[in-house]
Protein chains: 2
Amino acid sequence: MATTETRRRADAERNIAAILDAALVSFTEDPQASMAAIARAAGVGRVTLYAHFPSREVLLEAVLDRTIAAAGAVIEKATPGEGPATEALRRLLRSSWHELDQHRKLFDLAQRELGAAALRQRHREVVDHVEALLVRGQQEGVFRRDLPMTWLVTTVYSLLHAAAEDVNAGRLAAEEAAGVLEATLLPALGSR
Amino acid sequence: MATTETRRRADAERNIAAILDAALVSFTEDPQASMAAIARAAGVGRVTLYAHFPSREVLLEAVLDRTIAAAGAVIEKATPGEGPATEALRRLLRSSWHELDQHRKLFDLAQRELGAAALRQRHREVVDHVEALLVRGQQEGVFRRDLPMTWLVTTVYSLLHAAAEDVNAGRLAAEEAAGVLEATLLPALGSR
DNA sequence: AATAAGTCGAACAGTGGTGTTCGAGTTAGC
DNA sequence: GCTAACTCGAACACCACTGTTCGACTTATT
C-alpha cells in the first residue's frame, strides 16, 4: 500500500491526500459534485486535479478504494469476531457507523456511475464482515433465522445510513446515534 | 382536483397523464433523467412536453404533488386510525409500501433540486399519517417510548425504502416484502 | 367541413460540465 | 543554487442538457 509507484515529490503527495479528502466529502455531500468544486474544496487548481486523476471516474474509484480500505480497517479494529455476537455488534456500531455510512453513500454513487458489476467485488470486502458477524450471532442463537440473510444485512446498513442522515440533518445528536442504533437494531435482529 | 382550469382537448389530457406517468418512473429510476428521456418514455415529442410543463422544475413539482396525493389516498384507504395500532401498521405496510417508497425517492430528489424549505409542508401531509399511527401505538402501550419520535418515523421509512430497493435489485421477492417489513419493524418499534 | 387546439422535428442560443494544452511561475530535493 | 517536479490560470474544443422559435402537419370538437 505504501509502495511509491513513481517517486513523487512531497507537495504532490500532500495535494493528492487533500484531493482525496475533499472528494470524499464532496461526493458524499452531493453525488453530482463537479471536478471544479472538488478542486476548490481541496484548495488546488483544476489542472492539478487532472494531473493526478485523469478523469472523474478514476478519481471516484480512488476515493472508493481508499474508503473501503479505511472501513475495513475500522471494522477489524472493532474485532467483530470476538466475544458474544451482540457485544461485537455494539462495538461495531459505536466505532464504525460513520465510516460505514460513507462507504454506503459512495457505493450508491459508484453503482450508478461505474455500473453494478464493477463494484460487487470491492463491496463484498466490507459487507462480508457484517454478514459474518450476523451469521455468528445466528449460530449463537441470539440473532433470528426466520428472514433472509441478505435482508438482515440490508437492515443494518439501511438503519445505519438513516441514523447518519438524521445526524446530518440535525434531527439526531451525533453522540446519541450509536445508542439509538443499538436500541433499534438489537430487537429487530434478535431471535424471539 | 378535477377542475379543468382551461378547457383542454382530450389528446392533451391523455399526453399530460402519459408524461406524468413516465416522469414518475424516470425520476425514481434515475434522479438525473433528462427531459428528452422523459419525453421519449412518454411517447411524446420534446416540444409537447415543454408545452405542458414549461420547465423541469415545474414538471418535478407536478409529479411530486400527484404522488403525494396518491400516497395520501392509499394511506387513508388503509384506515390507519382504526383498530389496534399494530394491526393498522400491518395494513399500512401491506397496502402502501410501494407508494411510500416512490414518495420517499421523489422527496429526496425534490429536496436536492427544489430546496428543503419548499418541501417540508407537502412532505408533512404524508409523514403525519405515519407519525399519528406511531403516537397512537405509544398511547396503547404497544410501541416504545424510549426513542425520539422522529427516529421511529425515520426507521419506518428507511426500512420501507430498503425493502423496495431489495425488491428492485431482485434480492427480495415482491410478495415477501410486506411480510419481511412486518417481521422487522414490529420488534424494532415494539415496547419491551 | 371548418376551425381551433394540439403535436412535432429541426434548428437555435445559452449554460455548465469535462478534459486538454500552453506557458509562466513555484517549490522540493540533492 | 540548480534542476526537475510540480502548480496553476487562461483559453480551448467538445458535449449534453435546457428552453425557445418556427412552420408544417394532425386531430378533436362543434
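Within every chain, numbering begins at 1; the chains are lettered A, B, ... in the order of the sequence lines, protein sequences first and strands thereafter.
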Is there a side-chain polar atom (N or O) of Asn15(B) under 4.0 Å from OP1 or OP2 of dG6(C)? no
Do the side-chain N or O atoms of His52(A) get closer than 4.0 angstrom to the phosphate oxygens (OP1, OP2) of dC6(D)? no
Strictly below 4.0 Å, N to O, side chains only: are [X] and [Y] in salt-bridge contact?
| X | Y | answer |
| --- | --- | --- |
| Glu113(B) | Arg56(B) | yes |
| Glu125(B) | Arg120(B) | no |
| Glu165(A) | Lys105(A) | yes |
| Asp108(A) | Arg112(A) | no |
| Glu140(A) | Arg136(A) | yes |

Looking at the base of dG19(D), is there any donor atom on it, or on the side chain of Arg56(B), that sits under 3.5 Å from an acceptor on the other one? no
Between dG19(C) and Arg46(A), counting only base atoms on the nucleotide and side-chain atoms on the residue, is there a donor-acceptor pair under 3.5 Å? yes
Which residue lies toward the 5' end of DNA chain C, Ala12(B) or Gln32(A), if each is placed at its nearest nucleotide? Ala12(B)
I'd like to compare against my own output: the B/S/- annotation of nucleotides 23-30 of chain D with a strict under-4.0 Å heavy-atom distance to protein. ----BSS-
Rounded to the nearest 0.5 Å, how far does CG of Asp166(A) lie from NE2 of His161(A)? 10.0 Å
